[in-house]
*Asks:* 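Input: one structure, supplied below.
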Amino acid sequence: MPKQTYDMIKSNVIILNCIAALGYFLSAKLGYYISAGNGFAMLIWPAAGVSIAFAIYFGSRVWPGIYLGAYFSTNLFGR
Amino acid sequence: MIFDDPALLFEAPHLFIMASGSTLQAVVAGSLVRRLDLFDHDFSNPYKIGQFFLLVGPVSCLISSTVGLITMSLMDINSFMSLLNEWFVWWIADWTSVVVVITIIFAWIKFDQVRRKIVTAVLAVSLIVTFSIIYVGRSWENERINLLFNQEVLAATNALKQIENSYLSLLNNMAGFKRFSSDINKENFETFSKNNLAFNNTVRSLTWINVVDHADREEFEASQKEVHGESYFIWEFSEDGSIVKAKPREQYHIVELIEPYNEYKVAVGYVIDNDDNRINAVNYSLENKSPALTSLVSLVYSEENQTKE
């Protein structure tokens, strides 16, 4: 990723949170399809890794995005 | 979704709490990694690598699974023991997924080109093999479940067809019996029933229901007393469930004969008019000249009702 784009995303909290929510949701969807819906505990849950990676890179200000992504994935995929 | 149904906020608060658990897990892991300065290293210090993966893996992943377990347990969504099993799978799944995903992301962002290619290739091959095994395993499992399901359905269908055929052949025999018997009485109904019930293991008893007009009630009752004894009367259940003489009505549908008689004779004289289930079937059958099937009916000669005698 070009440094300019990275800096722009990093400095804009709204865009950052949108990307975090989308990243969480898409990786949750991937986990859901891989695990074929085994109840609350999926066998593979990449969303957990994606959310932690976001928190490590961008700090705790991404929590609203992670929360949104987590809420929608919990609602739709049961986890 | 909450936007379609705002009541969900109150009906399914566990969804919000579980989402909070996932968020808390990420925020705590991120904060600890940053605070302990495990983030900006180049993955060459084994001690820091171990610390990093221990922290983001098994330690932080306890949060989401534990919050989920406590929430679902408090809301009685499942039994605690079953949830404990879910909790363990949840924790392991989060932990292993975090380790794999973080490694891939870090390899792409932090490593130089050569290390990135090596790590990516190794992880890509591992993931492809893992997913292939999961995919093939799942396909086999689906195939097995489908096969088992089809076998069960086939067995159930055959059993139901056999039962249906046995009912239909019995009904046809009864129709023939009525057509060729000038006078249906207790003796020839008993002979007919014995012959037919002996070869039919799905039917417990046979009942002959007569339709009697109110004008003929007394005459009918007198004729039945000759067959079943002086204690015979046309009866029904009262509202409180006790046996009473049938109230006058235009027409009576009366159990005239029943076999095996000694076992079920308590039902003789019973008026089925108040039993909507059976009377509807009788009327349908009479109107359409075809067999009719009812849902389960409570038999008057069941053990708890054997009080008439």
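Keep in mind that what you see is a predicted model, and the values were worked out from it rather than measured.
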*Asks:* What part of B:Ser60 is in contact with chain A, defined as an atom under 4.5 angstrom from a non-hydrogen atom: side chain, backbone, both or neither?
*Replies:* side chain
*Asks:* Write down the atom of B:Val98, the atom of A:Gly49, and the distance for their closest heavy-atom approach.
*Replies:* CG2-N, 3.6 Å
*Asks:* Apply side-chain contact (heavy atoms from CB on, under 4.5 Å) to A:Ile56 and B:Ile102, showing your working.
*Replies:* CA-CA 10 Å; A:Ile56 291 172; B:Ile102 294 260; 4.1 Å; yes
*Asks:* Applying the side chain to side chain contact (heavy atoms under 4.5 Å, CB included) criterion to A:Trp45, which one of B:Ser97, B:Ser22, B:Cys61, B:Ser64 satisfies it?
*Replies:* B:Ser97
*Asks:* Once rounded to the nearest 0.5 Å, what's the spacing between atom CD1 of B:Ile17 and atom OG1 of A:Thr74?
*Replies:* 11.5 Å
*Asks:* By a 4.5 Å heavy-atom criterion (distance strictly below it), what part of B:Val56 contacts chain A: side chain, backbone, both, or neither?
*Replies:* both
*Asks:* Just checking B:Leu160: does its CG atom have more than 12 heavy atoms from other residues, nucleotides or ligands closer to it than 6.0 angstrom?
*Replies:* yes
*Asks:* Using non-hydrogen atoms and a 4.5 Å limit, figure out which bit of B:Val101 sits close to chain A: side chain, backbone, both or neither.
*Replies:* side chain
*Asks:* Are the ring centres of B:Phe16 and A:Tyr67 closer than 6.0 Å?
*Replies:* no
*Asks:* Looking only at heavy atoms, what is the nearest atom pair of B:Ile105 and A:Tyr57, with distance?
*Replies:* CG2-CE1, 4.3 Å
*Asks:* When you look at CD of B:Glu143, are more than 12 heavy atoms from neighbouring residues, nucleotides or ligands closer to it than 6.0 Å?
*Replies:* no
*Asks:* For B:Arg34 versus A:Gly59, what's the shortest heavy-atom pair and its separation?
*Replies:* NH1-N, 3.3 Å
*Asks:* Looking at every non-hydrogen atom in both residues, tell me the closest pair between A:Ile66 and B:Ala26 and how far apart they are.
*Replies:* CD1-CB, 3.8 Å
*Asks:* Nearest 0.5 Å, what's the OG-CH2 distance between B:Ser20 and A:Trp63?
*Replies:* 8.5 Å
